[in-house]
Amino acid sequence: MLQYIADKEHYSQVLARCAAVRHDLWIATADLKDLYVAAGRDAEPFLAVLDRLLHCGVAVRLLHAKEPGENFRSDFDRSPGLWSELDRRLCPRVHFKIMIFDCSTAYIGSANLTGAGMGMKGDGGRNFEAGILTDEPALVDAAADHLDGVWQGARCGACTRKAFCGDRISSSKTQFK
């Protein structure tokens, strides 16, 4: 499969795929905001989806470039499973947007993990986004290797932006400040 994803398909084809993950979900995004998803007739924070995945034993990695806002942190605080189980790392140089689903499918694109990027917003409020959803092994492996290299700190030694790195990559299961 090699599928072009545009605009609202980020919600239906990419974000919705997260809830079906069984083993591993890796997410890398530059911007991270309070994102809501449909839950029956209501809406819930995307963090509640991640919390359920963690409760079911799914390993979730979240790599992002900056601390999220107050609304995100408030939703984060309402999901205690996230505090101890979510593997979260911050790197201010991350600008790529990659999601790896069960090490077998990858999203590589422009959409941040925000409502305007891939959320429930209508066509008039959503960003114009584009990306690729694929299960082609070479692309999945390349995206996973790229994300994992940053995750493991492979680029930290040569980084010239350490002065701007408020939460250096050194350990997992960190909490929001």
Side-chain angles (χ1 to χ4, degrees), residues 1 3 5 10-65 67-68 71-91 94 96-109 111-115 117-120 131-137 139-154 167-177:
M1 168 197 45
Q3 180 180 354
I5 301 292
H10 282 82
Y11 183 80
S12 62
Q13 299 294 316
V14 178
L15 198 60
R17 186 176 292 269
C18 293
V21 169
R22 297 293 173 235
H23 305 286
D24 301 280
L25 175 62
W26 294 2
I27 301 170
T29 183
D31 199 6
L32 183 62
K33 292 186 179 172
D34 199 31
L35 169 63
Y36 276 71
V37 296
R41 293 183 179 196
D42 295 320
E44 68 179 357
F46 178 66
L47 287 171
V49 174
L50 297 182
D51 191 43
R52 280 194 299 280
L53 290 172
L54 290 164
H55 182 74
C56 292
V58 173
V60 179
R61 285 182 171 184
L62 176 60
L63 176 64
H64 56 102
E67 292 290 351
N71 290 337
F72 182 96
R73 289 191 308 269
S74 178
D75 284 339
F76 184 88
D77 290 344
R78 284 195 287 275
S79 298
L82 297 174
W83 305 349
S84 61
E85 297 302 318
L86 178 67
D87 284 334
R88 181 189 76 88
R89 297 200 176 159
L90 187 127
C91 173
V94 168
F96 55 81
K97 290 78 174 181
I98 296 173
M99 295 177 119
I100 307 292
F101 308 93
D102 285 329
C103 298
S104 64
T105 306
Y107 164 76
I108 306 160
N112 280 305
L113 198 60
T114 66
M118 60 173 48
M120 290 177 34
I132 299 293
L133 186 64
T134 184
D135 62 1
E136 296 291 328
L139 289 172
V140 174
D141 289 350
D145 287 349
H146 191 133
L147 193 161
D148 192 53
V150 174
W151 180 267
Q152 297 296 337
D167 184 17
R168 292 221 183 131
I169 295 174
S170 60
S171 64
S172 60
K173 294 183 173 64
T174 57
Q175 294 185 22
F176 289 100
K177 298 173 185 170

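Heavy-atom minimum distance, R88 versus H64: NH1-NE2, 3.0 Å. Here the closest non-hydrogen pair linking F101 and C18 is CE2-SG, 3.7 Å. Counting all heavy atoms, side chain and backbone alike, L53 lies closest to V21 at CD2-O, 3.6 Å. Minimum interatomic distance between H10 and Y107 (heavy atoms only, all atoms of both residues): NE2-OH, 2.7 Å. Summarising the geometry of Q13 relative to I5, their closest heavy-atom pair is CB-CD1, 3.7 Å, with the distance given to 0.1 Å. Between V94 and A65, the shortest heavy-atom distance links the atoms O-CB, 3.3 Å.
The main-chain N or O of M1 is found under 3.5 Å from a side-chain atom of D135 such that the two form a donor-acceptor pair. Proximity of a side-chain donor or acceptor of D24 to a complementary backbone N or O of C103 within less than 3.5 Å is not detected. No side-chain donor-acceptor contact under 3.5 Å links N112 to the backbone of T29. No donor-acceptor distance shorter than 3.5 angstrom exists from the side chain of S79 to the backbone of G81, with no hydrogens or angles considered. Formation of a donor-acceptor pair under 3.5 Å by the W83 side chain with backbone atoms of F76 is found in this model.
To the nearest 0.5 Å, atom CG of residue L62 and atom CH2 of residue W151 are 7.0 Å apart. A distance of 10.5 Å separates CZ of R73 from CG of L32, quoted to the nearest 0.5 Å. Atom-to-atom distance recorded for S74:OG and D34:CG is 8.0 Å, nearest 0.5 angstrom. The structure places CG of L35 at 10.5 Å from CD of E44, a figure rounded to the nearest 0.5 Å. Between the CE atom of M99 and the CH2 atom of W26 there is a distance of 14.0 Å, given to the nearest 0.5 Å. The OG atom of S104 sits 9.0 Å away from the NE2 atom of H23 when rounded to the nearest 0.5 Å.
Under a 4.0 Å N-O distance rule, the pair R61/D148 qualifies as a salt bridge.
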For L15 and L113: C-alpha separation, side-chain torsions, deciding distance, then whether side-chain contact (heavy atoms from CB on, under 4.5 Å) applies. CA-CA 9 Å; L15 198 60; L113 198 60; 4.0 Å; yes
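The side-chain heavy atoms of F46 and D75, taken from C-beta on, include no pair separated by under 4.5 Å.
Partners of H146 according to the ring pair (Phe, Tyr, Trp, His ring centres under 6.0 Å) rule, which considers only residues two or more places apart in sequence or in another chain, are F96.
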